[in-house]
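To keep things clear, I will list the structure first and then write my remarks on it.
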Amino acid sequence: MAILERFSDIIRANINDLLDKMEDPAIMIDQYLIDLLEDLAEVKRSTAAIMGEETRTKRSLDNNKIEVEKYAGLAKKALVAGNEGDARIFLEKKQELENLDSELMAVYTAAHKNAMKMRQMHDKLAADIQTLQARRTMIKSKVSIAKTQEIINQASSSTNQTEDAMDAFTRMEEKADRMLDEANAMAELNIKPVDPAEALEEKYAEAGIASVDEELAKLKKELGLQ
């Protein structure tokens, strides 16, 4: 049966291999469970139908056995009553039903095997789903932890970049200090040395120059205006 082959494949599927291929396990695990639950519902409907067929074939087989026993009893009663002809008719019917019994048994046996296979697949699929549901929380927790670790790794990388920037700023600051020190030293070197004699010359030259007040007093004295 095609449906038996299909769900045999479902049961044989390796859940771990499927999870390894998922792009985002936290999202895909939910979709995978949804798909499995849909498959389980279909398996359940098919299993119920096949089990119903098993029940019907078993009922037909049991009813046929009852009929066989009934006609065997009627044949006995007919013989006891001295009606051998009637007994023969009952026995012929009994043999007819016994021949049918083998056919009904074959049908029932096939229906029973199919029902057993479907029930096993149903139970296995249901157990797999229950296992996955129990593991879903753990899987999502692992994904959450992994994403958190990624954020930490990114933050750590940013911190390293900041440290590199700090080192670069320190180097630039040290270079700027060296440049400033060198510029100040160069400015000092460019200053012309002071000649002590020239400095004294200017001092005494300034001392020989009369002030305006002194010259004004001298002119008044010469003009007799004092």
Side-chain angles (χ1 to χ4, degrees), residues 1-69 97-167:
M1 297 177 64
I3 191 169
L4 295 180
E5 295 176 358
R6 177 187 175 192
F7 291 110
S8 293
D9 292 339
I10 293 175
I11 291 174
R12 287 194 300 267
N14 190 314
I15 294 175
N16 291 328
D17 288 343
L18 290 175
L19 291 177
D20 288 341
K21 297 177 183 178
M22 293 179 179
E23 295 180 358
D24 189 340
I27 297 175
M28 296 301 295
I29 190 64
D30 287 336
Q31 184 59 51
Y32 184 64
L33 281 173
I34 291 173
D35 293 342
L36 281 181
L37 287 172
E38 292 177 354
D39 290 337
L40 178 61
E42 185 173 348
V43 171
K44 186 176 293 185
R45 288 192 294 269
S46 299
T47 301
I50 293 176
M51 290 178 67
E53 180 65 22
E54 177 194 19
T55 301
R56 286 191 295 273
T57 57
K58 183 63 167 60
R59 184 184 301 114
S60 296
L61 180 62
D62 292 341
N63 290 339
N64 191 71
K65 289 182 180 298
I66 293 173
E67 289 294 299
V68 169
E69 293 177 358
L97 292 174
E98 286 176 340
N99 292 333
L100 180 61
D101 185 78
S102 61
E103 296 178 6
L104 292 175
M105 176 59 75
V107 172
Y108 166 72
T109 300
H112 177 69
K113 289 181 178 179
N114 287 337
M116 290 294 293
K117 289 180 181 179
M118 288 301 298
R119 186 57 186 264
Q120 289 174 356
M121 285 189 291
H122 172 273
D123 294 346
K124 181 63 170 62
L125 184 57
D128 287 345
I129 291 174
Q130 186 175 6
T131 300
L132 268 183
Q133 288 174 332
R135 293 175 58 192
R136 177 171 56 180
T137 301
M138 179 185 64
I139 292 173
K140 288 193 172 185
S141 296
K142 288 182 178 180
V143 172
S144 178
I145 292 173
K147 290 182 178 180
T148 301
Q149 186 62 48
E150 289 179 2
I151 295 174
I152 293 174
N153 293 341
Q154 292 175 358
S156 177
S157 177
S158 299
T159 301
N160 293 335
Q161 292 177 359
T162 302
E163 292 177 354
D164 293 341
M166 291 293 291
D167 292 340

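Note that the OG atom of Ser102 and the CG atom of Asn64 stand 9.0 Å from one another [nearest 0.5 Å]. In this structure, CG on Leu33 lies 5.0 Å from CG on Leu132, to the nearest 0.5 angstrom. Note: Arg59 CZ to Leu61 CG = 12.0 Å, rounded to the nearest 0.5 Å. Rounding to the nearest 0.5 Å places CD1 of Ile129 at 4.5 Å from CG of Leu37. Atom OH of Tyr108 and atom CG of Asp62 lie 8.0 Å apart (nearest 0.5 Å).
Residues Thr47 and Lys44 are not in side-chain contact: their nearest non-hydrogen atoms beyond the backbone lie 4.5 Å or more apart. Side-chain atoms of Asn114 and Glu54, non-hydrogen and from C-beta on, never get closer than 4.5 Å to each other. You'll find the side chain of Met116 reaches within 4.5 Å of the side chain of His112, heavy atoms only. At a threshold of 4.5 Å between non-hydrogen side-chain atoms, the residues Met121 and Leu125 do not count as touching. Looking only at side-chain heavy atoms (C-beta outward), Met51 and Met118 stay at 4.5 Å or farther from each other.
Nearest heavy-atom pair, Ala111 versus Thr57, reported as atom, atom and distance to 0.1 Å: CB-OG1, 3.7 Å.
Between the side chains of Asn63 and Glu67, no donor N or O sits under 3.5 Å from an acceptor N or O.
Results of the side-chain contact (heavy atoms from CB on, under 4.5 Å) test with Ser60 over Leu104, Asp101, Val107 single out Leu104 as the only residue that passes.
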Step-by-step side-chain hydrogen bond (donor to acceptor under 3.5 Å, both in side chains) determination, Asp35 to Gln31: CA-CA 6 Å; Asp35 293 342; Gln31 184 59 51; 3.0 Å; yes
